[in-house]
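Working notes for the structure below.
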Amino acid sequence: MADIYADASDNWLLKSGSSWSAARDSNRASSIGTASAHLNSYGIRASRLTTGGRGSVSYTYYVTRSFLRFDTSGVTEVPTDGSIYIHGATFGNSDPIIVKSTASDTLIVIDFDNIDGWVSGADNNNNVRKYSDAYTSTWSTSGYNQFPLTGEALVDMVAYDNFKICIMDSVYDLSNSSPSSGFNYTGLYFRDEEDANNRDPFLQYSPPLENNSIFLGANF
């Protein structure tokens with residue numbers, strides 16, 4: 001097994017809006033994590049909060065997506081298997097999924113919808129390139145959560161020197177289903193080289209076995 005830790009450029013992007021489409025289908029985030037931020041308790045989010053007073057109820061919608069990058073330039077053959085491990089933080093109320101990202105090497109606000117195959121306003125389950133299944137198990141907020149990678153992800157580890165992913169909500173965000181709750185969010189740690197507790201995201205994979213020939217009874 002071999003491990004590759006996420007690049008220090010990993011970060012989160014948040015978009016809020018007065019309607020679901022204004023938040024979810026925007027091509028520009030409202031805010032981005034600071035360089036020093038190493039965790040976000042709402043790093044994967046698709047939720048609705050009630051605002052306004054009696055007789056004038058309105059809503060604000062929030063969508064947060066987290067983007068990570070791994071240096072896979074040293075991976076020259078398709079691994080036999082692989083997983084991405086994300087350390088949870090604080091909350092675990094959504095069903096995250098990992099999809100292929102086309103974000104900039106250094107994340108900026110206009111990377112919010114830079115997801116391979118993304119179509120604004122659509123259910124993108126059949127449009128994006130899924131690198132994992134949705135994580136439907138209980139999300140650990142005190143340990144690592146494992147996302148086994150798809151065969152397509154393993155191939156892309158070889159195809160790209162920078163293996164880029166987006167972790168997003170699968171139930172509402174990916175499917176374009178407007179949430180009715182304010183509690184759909186999940187927390188995670190990002191890379192922090194000063195984190196003595198070692199909660200950095202990492203990609204673990206198994207290189208293919210060498211084809212060692214065994215010659216029995218041969219005369220040389």
Side-chain angles (χ1 to χ4, degrees), residues 3-17 22-47 61-75 82 84-91 94 96-120 124 127-132 135 144-145 147 149 152-153 156-157 159-170 172-174 184-195 198-203:
D3 296 343
I4 302 174
Y5 282 84
D7 186 88
S9 64
D10 61 358
N11 215 329
W12 55 266
L13 294 174
L14 163 68
K15 176 62 179 178
S16 61
R24 188 258 186 182
D25 296 319
S26 176
N27 60 6
R28 187 182 185 92
S30 305
S31 57
I32 185 172
T34 62
S36 61
H38 67 285
L39 72 89
N40 186 348
S41 298
Y42 307 88
I44 304 139
R45 185 178 189 182
S47 59
Y61 294 83
Y62 298 87
V63 174
T64 306
R65 300 166 186 160
S66 291
F67 295 80
L68 290 78
R69 186 181 70 170
F70 301 86
D71 180 359
T72 53
S73 59
V75 183
I84 288 177
Y85 290 83
I86 304 296
H87 199 293
T90 312
F91 299 116
S94 66
I97 191 170
I98 294 177
V99 298
K100 179 183 178 180
S101 163
T102 56
S104 309
D105 287 348
T106 299
L107 199 67
I108 52 179
V109 292
I110 59 173
D111 285 322
F112 186 68
D113 66 343
N114 280 350
I115 297 167
D116 191 79
W118 187 263
V119 178
S120 180
N124 282 304
N127 297 328
V128 303
R129 299 181 72 174
K130 295 178 181 178
Y131 278 170
S132 78
Y135 193 96
Y144 277 102
N145 301 277
F147 290 83
L149 294 173
E152 188 171 26
D156 281 354
M157 286 175 60
Y160 300 97
D161 288 344
N162 289 317
F163 182 74
K164 300 177 182 179
I165 68 169
C166 172
I167 312 176
M168 63 189 305
D169 170 74
S170 66
Y172 301 102
D173 190 5
L174 182 61
N184 190 60
Y185 39 71
T186 291
L188 73 156
Y189 278 85
F190 297 93
R191 175 166 175 169
D192 178 9
E193 294 180 275
E194 297 178 357
D195 183 5
N198 190 27
R199 292 172 286 201
D200 298 346
F202 68 95
L203 188 167

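In this structure, Asp25 contributes its side chain and Ser120 its backbone to no donor-acceptor pair below 3.5 Å. With Tyr62 contributing its side chain and Ala23 its backbone, the two residues share no donor-acceptor pair below 3.5 Å. Between the side chain of Asn145 and the backbone N or O of Ile86 there is at least one donor-acceptor pair closer than 3.5 Å. Here the side chain of Asn184 pairs a donor or acceptor atom with the backbone of Ala46 at under 3.5 angstrom. In terms of modelled atom types and a separation under 3.5 Å, the side chain of Thr72 and the main chain of Tyr160 share a donor-acceptor contact. A side-chain donor-acceptor contact under 3.5 Å links Asn124 to the backbone of Val119. Between the side chain of Ser66 and the backbone N or O of Gly43 there is at least one donor-acceptor pair closer than 3.5 Å.
Taking every heavy atom of both residues into account, Phe67 and Ser101 meet most closely at CD2-OG, 3.5 Å. For Ala103 against Asp111, the heavy-atom pair with the smallest separation is CA-OD1, 3.6 Å. Here the closest non-hydrogen pair linking Lys15 and Ala22 is CE-O, 3.4 Å. Looking at every heavy atom in both residues, Tyr42 comes nearest to Asn40 through N-OD1, 2.8 Å.
Within the model, atoms CD1 of Ile110 and CG of Leu13 stand 10.5 Å from one another, a figure rounded to the nearest 0.5 Å. Annotation: the span from Ile84 atom CD1 to Phe70 atom CZ amounts to 4.5 Å, rounded to 0.5 Å. Note that the CD1 atom of Ile115 and the OG1 atom of Thr102 stand 8.0 Å from one another [nearest 0.5 Å]. Distance CZ/Phe112 to CG/Leu14: 7.5 Å, rounded to 0.5 Å. With rounding to the nearest 0.5 Å, the separation of CD1 in Ile98 from CE in Met168 is 12.0 Å. The CZ atom of Arg24 lies 10.0 Å from the CG atom of Asp113; values are rounded to the nearest 0.5 Å.
Val75 has its side chain within reach of Ile4: a pair of non-hydrogen atoms, C-beta onward, lies under 4.5 Å apart. No side-chain heavy atom of Tyr131 sits under 4.5 Å from any side-chain heavy atom of Phe147.
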| query | For Ser132 and Ile97, what are the C-alpha separation, side-chain angles and deciding distance, and is it a side-chain contact (heavy atoms from CB on, under 4.5 Å)? | reply | CA-CA 6 Å; Ser132 78; Ile97 191 170; 3.9 Å; yes

| task | Using the side-chain contact (heavy atoms from CB on, under 4.5 Å) rule, take Asn198 and His87 through it: C-alpha gap first, then chi angles, then the decisive distance, then the call. | result | CA-CA 9 Å; Asn198 190 27; His87 199 293; over 6 Å; no

| field | Evaluation steps, side-chain contact (heavy atoms from CB on, under 4.5 Å), between Leu39 and Arg199 | value | CA-CA 10 Å; Leu39 72 89; Arg199 292 172 286 201; over 6 Å; no

| query | Run the side-chain contact (heavy atoms from CB on, under 4.5 Å) check on Tyr135 and Ser94 step by step: do they pass? | reply | CA-CA 9 Å; Tyr135 193 96; Ser94 66; over 6 Å; no

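Note: Tyr5 and Phe202 have tilted aromatic rings, judged against thresholds of 30 and 60 degrees for the angle between ring planes. Below 30°, between 30° and 60°, or above 60°: for Tyr189 and His38 the angle between ring planes is between 30° and 60°, a tilted geometry. Using the six-membered ring where Trp is involved, Tyr144 and Tyr85 have ring planes that are perpendicular, over 60° apart on the 30 and 60° scheme.
Ion pairing of Asp105 with Lys164 is present here, as a side-chain N (NZ or NE/NH1/NH2) and a carboxylate O approach within less than 4.0 Å. Here Arg191 does not pair with Asp7 in a salt bridge; the nearest charged N to carboxylate O distance is not below 4.0 Å.
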